[in-house]
Amino acid sequence: MPAFRADQVSRHWFGRWEDDPHTWSDLSPSDRETVARELLPTLLTPVRELTCDEGATVKMLWRLHDGSRVESVLMGYRDRITMCVSSQAGCGMNCPFCATGQAGLTRNLSTAEIVEQVLAGARMIKAGLIPGDRERVSNVVFMGMGEPLANYRALMGAIHRLVDPVPAGLGMSARGITVSTVGLVPRIRDLAEEGLPLRLAVSLHAPDDALRDTLVPINTRYPVAEVLDAAWFYADRTGRRVSIEYALIKDVNDQRWRAELLAKRLRGHLVHVNLIPLNPTPGSQWTASEPRDERAFVQALEEGGVPVTVRDTRGREIDGACGQLAAAEAP
Ligand code: SAH
C-alpha cells in the first residue's frame with residue numbers, strides 16, 4: 001500500500017480511537033479488509049466488567065490471545081479520568097500482600113497489549129459510559145498487574161505511543177503517566193534518562209531493610225538506601241516529585257517509630273508519601289491499619305516535614321486491588 005495509508009490508519013487508531021477498520025471510509029473496501037486481517041488482530045477480549053462508585057469506577061478483566069488474563073481499571077474523577085493498566089500477565093516480584101504476586105509471572109505484555117488497555121478505556125469514555133463530561137483518559141498509572149520496569153522495552157514503547165502526538169500516538173501528557181515500581185534500581189536510572197517528565201512511584205512499604213526484605217522481596221537485591229538514591233537521581237534528572245507508596249498493614253509496618261524513620265529518610269527530598277490502606281487479599285492474615293494508627297502515621301510524617309496523602313481507594317467492592325479479579329476468575 002502507499003505510505004500515506006499508514007498515516008490514515010494511525011489517525012483512525014490513535015487520533016479517533018476507532019477500532020473497526022470496516023468503517024474507515026477513506027480506505028478502499030479491499031484495503032480495509034487487508035488492514036483488518038494483516039494488522040489488527042484482537043488483542044484483548046473482555047471476560048468480565050464490574051462497575052462501582054455510581055459508574056465512576058469500572059474494572060475490566062481481559063483475556064489475551066494465549067489465554068492469559070490481565071486487568072485494568074478506569075476511574076472517573078471530577079477533574080480527570082485515570083486508567084490503571086497492567087504491564088505483565090502475573091508478576092515475578094512475589095510481594096506477599098499482593099494478589100498478583102501469589103500466582104507468579106506468566107509473561108510480559110507487548111507494547112500493543114498495554115496501549116490497547118488505554119484505548120479500550122478511551123473508547124468507553126467516547127461511548128458515554130463514564131459519568132461526567134470529560135472526554136478522554138487524562139492519566140495512566142502502571143499500577144495494575146506486573147512490574148513495569150521488568151518489562152522495560154514494551155513499557156517504553158507503550159509510553160511513546162501514549163505521549164507521541166497524533167498520528168504516532170495518542171498525544172497524552174507525560175506528566176499524567178505514573179510508572180510504579182518495586183524499585184529496580186538500574187531501570188529507575190534508565191527511566192530518568194529517557195527525557196520524559198513521567199511521574200515515578202516507588203512501592204516502599206517499609207523504611208527498614210529487615211521488614212522490607214519480607215514485604216518486597218526484591219529488597220534483598222536492591223535495599224532501601226539504593227532504591228531511595230535512585231529515586232533522588234530520578235527527581236534530580238526530571239524535576240518531578242517522586243511518590244513513595246506505602247500500604248499500611250495493621251501491626252506490620254504501621255508503628256510510629258517506622259513513620260519517624262521513614263520521615264528521616266525522606267526529609268529534604270523532592271518527594272511525597274502516598275499511604276494506601278491495605279486492601280486485604282483473600283486468605284491473607286493481614287488487614288488494613290486501624291484509623292487511629294493511620295492518623296498517627298500521617299501526623300508523624302507531617303511533623304517530620306514530609307508531605308503525605310492517604311489514597312482514595314476505589315473499587316474495593318469489585319476486587320479493585322492488584323490481581324484480585326484475575327485470581328477470582330482463574331481458569
Ligand atoms: N509492581 C509495581 C506496580 C503494580 S502494584 C509496584 O509494585 O509498584 C501497584 C501498587 O499497589 C504497589 O504500590 C503495590 O505494592 C500496591 N498493592 C498491591 N497489592 C496491594 C494490596 N492488597 N493493598 C494495597 N496495595 C497493594
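Bear in mind that the values here come from a model prediction, so they are computed numbers and not experimental data. Indexing begins at 1, ligand by ligand and atom by atom, following the structure's order. One is the number of the first residue; the rest follow in order along the sequence.
Among A288, G144, C84, the residue whose heavy atom sits closest to atom 4 (C) of ligand 1 is G144. Of all the listed residues (S243, S86, S180, P277), S180 holds the heavy atom that lies closest to atom 10 (C) of ligand 1. Closest heavy-atom approach to atom 8 (O) of ligand 1 among the candidates P280, S203, A247: S203.
A salt bridge does not link E260 to K264: none of the charged nitrogens lies less than 4.0 Å from a carboxylate oxygen. R311 has a carboxylate O that lies under 4.0 Å from a charged side-chain N of E245, or vice versa, which qualifies the two as a salt bridge. A salt bridge between D66 and R107 is present, with a side-chain N of the basic residue lying under 4.0 Å from a carboxylate O of the acidic one.
Within ligand 1, the atoms closer than 4.0 Å to a non-hydrogen atom of H205 are 13 (O), 14 (C), 15 (O), numbered from 1 in the order shown. The ligand atoms of ligand 1 that sit less than 4.0 angstrom from a heavy atom of F142 are 3 (C). Residue contact check: V182 has heavy atoms under 4.0 Å from atoms 6 (C), 7 (O), 8 (O) of ligand 1. For ligand 1, the atoms lying closer than 4.0 Å to a non-hydrogen atom of C98 are 18 (C), 19 (N).
Looking only at distances, no side-chain donor or acceptor of N274 sits under 3.5 Å from a matching main-chain atom of S243.
Considering both main-chain and side-chain atoms, F97 comes within under 3.5 Å of ligand 1 through a nitrogen or oxygen pair. Residue G146 has at least one nitrogen or oxygen atom sitting less than 3.5 Å from a nitrogen or oxygen atom of ligand 1, judged on distance alone. Close N/O approach between T181 and ligand 1 is found [any backbone or side-chain N/O within under 3.5 Å].
Between W24 and H12, the angle of the ring planes stays under 30°, which puts this pair in the parallel group of the 30/60° scheme.
Between the side chains of D293 and S289, no donor N or O sits under 3.5 Å from an acceptor N or O. For E303 and Q299, the side-chain atoms include at least one donor-acceptor pair closer than 3.5 Å.
Within the 4.0 Å heavy-atom criterion, both parts of E147, backbone and side chain, lie near ligand 1.
A cation-pi arrangement is found for R189 relative to F233, the charged atom lying closer than 6.0 Å to the ring centre and inside a 45° cone about the ring normal.
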